[in-house]
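Any value given below was found using the heavy atoms of this structure, including those in side chains, with hydrogens, waters and symmetry copies removed.
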Amino acid sequence: MPGRFGSFLRVGTVLASVAASGTAWAQDLAIASSAPVTSIDPHYHTLGPNASAHVHLYDRLLERDASGKLGPRLAVSWKLIDDLTWEFKLRPAKFHNGATLSAEDVAYSIARVPKVKNSPASFQIYTRAVVGHEIIDPLTIRLKTATPYPLLPIDLSQIFILPRSLGDEPATEDFNNGKNAIGTGPYRFVSYKPGDRIEMERNEDFWGTKPHWKKVNYRIISNDGARTASLLSGDVGIIEFVPPQDLPNLRKDPRVTISEVVSNRSIFLWYDHSRTGAMPFVTGPNGEALEKNPFKDRRVRLALSLAINRQGIVDRVMENSAVPTGQYLRPGAFTYVPDLKPHPYEPEKAKALLKEAGFPNGMRITIHGPNDRYVNDAKIIQAVAQMWQRIGVQTTVEALPWSNFIARSGKQEFSVFLLGWGVSSGEGLNPLRAQIATWNPQRGLGTANRGRYSNPAVDTLIDQAMATMDDGAREKLVQQAMRMAMEDVPVIQLHLQKNIWATRKGLTYEARVDEQTEAMGVQPAK
Amino acid sequence: MFTWMIRRLIQACFVVLAMTVIVFIGVHVIGNPVDILISPEADQAERARIITEMGFDRPLWEQYFIFVKDALQGNLGRSFVFNEPALKLIAGRMPATLELAVTAVLFSICFGVPLGLYAGLKPDSPVSRTIMAGSILGFSLPTFWVGLMLIMVFAVQLGWLPSTGRGETAELFGIQWSFLTWDGLRHMFMPALNLSLFNISLVLRLTRAGVRETLPMDYIKFARAKGLSPKRVIFVHVLKNIMIPVVTVVGLELGSTIAFAVVTESVFAWPGMGKLIIDSINVLDRPVIVAYLMMIVLLFITINLIVDILYTVLDPRVRLETKA
């Protein structure tokens, strides 16, 4: 009997290896992505997983390289003509339907964005600054803004270019069935099965370096365990968002190669700055209501930050899939502040600060956070609660589903709560304007300022930076604003997540800061 | 029979209506889909635009009446997330779930009934004891764990079966089915088995209990005394009489297997309706949730109807209508 079973095993192994080599020979690649792609229409939904799939089919004017640096794509060069006019020179390229790329297509794509129907998250936020255009020649376009707007190239690196032959208001549904899925990208659309897969084949007329893989099967495997298993069984060549609990084993596994990079997604705790009086989830040490919001006192904000052992969270909770941070951006990013370090772990100093601020016996706090959004979100707030307990702050934890949490945090219902922020632009004005600037619906500032922090000095610096077209001068202003803000501890910065991919041995992937998983970046090892 | 059907249909309408009200209020209480769907970088103006465009600025009762008005014209709304009609989305995912659930139920009948029959006829044999002990595992092991173990053993260690996904499909009646291709069947085997483990145990235990109860009955003794062959006694006199509880349970389990296959579907990345509904609940995609639950209510009502009719076939004493 054992002999028969053994031969079964061997047949199985042989078949498996034949299958594996067969795939490699045919130059097919299967990718396991972690979240559903909601549409093939590149102007429908500003969503990371969508962009990750769309870069195969469509191109933008400018692109971000793996390290997040802005560079040319369909535009070979761009320059400022005057403070209100940008000029973009295009490269010759062909759409999948044979049409030639021209400046008209750029104008068409920018004009289409606000016209997309029923978009749950429109790309308008990236095209709104453009108020007019002028076509100089078929490969040169000038875009005009109403006020000086230094972020235009960065914003346009989010907008995919479609051929104007799609006509007036092409329907989103016609992208999903392939009729309108026409771009200039390195892959052509073959089929899209929502929630399951996108199949693509190489565009042999691609204007740039042709990718290695002829056929790409872009699969959605949202369950963490299933994603790891599909890699180990060889069903897919690469998986994204490697679950931290599998990371230690995968690092040791000879069948697997890991590639990782520190991302621009920081995880932090918000303080509620909106109230001046009693807080719903902060009370005195015996449960008595406080007269005024203790988080208006910088010493309290700093004390709670110093009480957190960030390295401990990174080592134990995150399995080293993160690095401690003191700001929103990763080291090396444009406008990163080199001397702004993560707060050290100093529980004694924290206790002293609390005493000095009038809380010798600590206080009671409930931390809120999501339990299905960020990597190990619920575990992080549990760890923080235990650390605060050690400096005499009696802490309880309440983790909620994201759908409920995000609505309540937007209404300032919590006192301390966990959130994350991915800096899609890769520079500091983005978090400063969205998170730190005073909440101001008229000017569209402080849109994600859920703690309602307000610091007029920082606001002034942000305004100055927004009107500074020179990159060098702007970088200095942004750094100054970021330093001023972070030293005031409006939020407790915890860590920056790492983006982690795992590939089958024999394949390599250039880890990307922007979390995108691209077949173009997967190479057979030399 | 006819008035009985009418009464059932009216009941069904009320259940559907009550369900839609509950979903509307429930989703409203949990949160606002805009908060989840919107780009985190969107400004307040963009947020206001989406709220108006999707109609969330109106009072809930008004949103509900708009929905009812559209629904009466056969339009259950478009998904907030996918911008496709909710019914089309569900219909696109249905074949995958249906073929998985039907295979799982077939497994549970094909394995459950014979094993249960054996265990009932020879209750003291070691084989029967093993079967019964095994069925306890089938009941008590969590589906997601068994699913991952199946993947670990058959896909990762042995490499016999593909780990996840639906594999190749072929077209029949304009719909893509995976049971028509060898690759599709290979992909379907593990999830179907995983989904059926609980049902196999359930059917097995029901069958065994029924057999044990029926064997000492007078009519069985009489049938034996009459000199009928053991085969006829077992398959006609015993099996037919224990089928009523089994049919009830298989029917209801088919319904819940279709409706709630979500754990198996997500472990095996099976692109069925269960995954769609869970994703939709997570982002509060109300049109899809409502349309899905309406469909499930109708499904259960239909299954109950069929089960009731099967009763009359299996047991002539059962009448669907009491005389007025």
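In terms of non-hydrogen atom pairs under 4.5 Å with chain B, the most contact-rich of A/Ser425, A/Ser424, A/Pro36 is A/Ser424. Among B/Pro40, B/Pro33, B/Ala45, the residue making the largest number of heavy-atom pairs under 4.5 Å with chain A is B/Pro40. The residue among B/Glu84, B/Lys88, B/Met152 with the most heavy atom pairs within less than 4.5 Å of chain A is B/Glu84. The residue among A/Ser222, A/Ala448, A/Ser122, A/Ala32 with the most heavy atom pairs within less than 4.5 Å of chain B is A/Ser122. Of the listed residues A/Ser230, A/Pro401, A/Gly410, A/Ala434, the one with more heavy-atom pairs under 4.5 angstrom with chain B than any other is A/Ser230. Put simply, of A/Thr46, A/Asp235, A/Ile406, A/Val236, the one with the most heavy-atom pairs under 4.5 Å next to chain B is A/Asp235. Top candidate by heavy-atom pairs under 4.5 Å with chain B, chosen from A/Phe123, A/Trp439, A/Phe405, is A/Trp439. When A/Thr172, A/Ile125, A/Ile220 are compared by the number of non-hydrogen pairs under 4.5 Å with chain B, A/Ile125 comes out ahead.
In summary, the aromatic rings of A/Phe268 and A/Tyr328 are positioned with their centroids under 6.0 Å apart.
Residue contact with chain A, scored on non-hydrogen atoms closer than 4.5 Å, involves the backbone and the side chain of B/Val267 alike. The contact between B/Leu284 and chain A is made entirely by side chain atoms (from C-beta outward), counting heavy-atom distances below 4.5 Å. Residue contact with chain B, scored on non-hydrogen atoms closer than 4.5 Å, involves the backbone of A/Leu445 exclusively. Only the side chain of A/Arg197 comes within less than 4.5 Å of a heavy atom of chain B; its backbone N, CA, C and O stay farther away. Residue contact with chain B, scored on non-hydrogen atoms closer than 4.5 Å, is absent for A/Asn217. Contact of A/Asn430 with chain B is made through the side chain alone, with heavy-atom distances under 4.5 Å. Using a 4.5 Å cut-off between heavy atoms, B/Arg47 makes no contact with chain A at all. With a 4.5 Å cut-off on non-hydrogen atoms, B/Ile38 touches chain A through its backbone and its side chain both. Only the side chain of A/Arg255 comes within contact range of chain B, judged by heavy atoms closer than 4.5 Å. Contact annotation for A/Arg433: neither backbone nor side-chain heavy atoms come within less than 4.5 Å of a heavy atom of chain B. Heavy-atom distances place both the backbone and the side chain of B/Glu46 under 4.5 Å from chain A.
Both cation-pi conditions hold for A/Arg373 and A/Trp402: the charged atom is under 6.0 angstrom from the six-membered ring centre and inside a 45 degree cone around its axis.
Ring geometry, B/Phe80 versus B/Phe56: the interplanar angle exceeds 60°, so the pair is classed perpendicular (tilted spans 30 to 60°). Relative ring orientation between B/Phe65 and B/Trp61 is described as perpendicular, the plane-to-plane angle rising above 60° on a 0-90° scale split at 30° and 60°.
With no hydrogens or angles considered, no side-chain donor-acceptor pair links A/Glu199 and A/Tyr192 at under 3.5 Å. For B/Asp285 and B/Ser79, the side-chain atoms include at least one donor-acceptor pair closer than 3.5 Å. Counting only N and O atoms by type, the side chains of A/Asn176 and A/Ser39 include a donor and acceptor under 3.5 Å apart. B/Ser280 and B/Arg286 form no side-chain donor-acceptor contact under 3.5 Å, judged by distance and modelled atom types alone.
With respect to the salt-bridge test (charged N to carboxylate O, under 4.0 angstrom), the residues B/Glu99 and B/Arg166 qualify. Salt-bridge check for A/Lys179 with A/Glu173: failed, with every basic side-chain N at 4.0 Å or more from each acidic carboxylate O. Taking a cutoff of 4.0 Å between a charged side-chain nitrogen and a carboxylate oxygen, A/Glu240 and A/Arg227 do not qualify as a salt bridge.
Within the 4.5 Å cutoff, the side chain of A/His45 has no heavy atoms near those of the B/Phe82 side chain.
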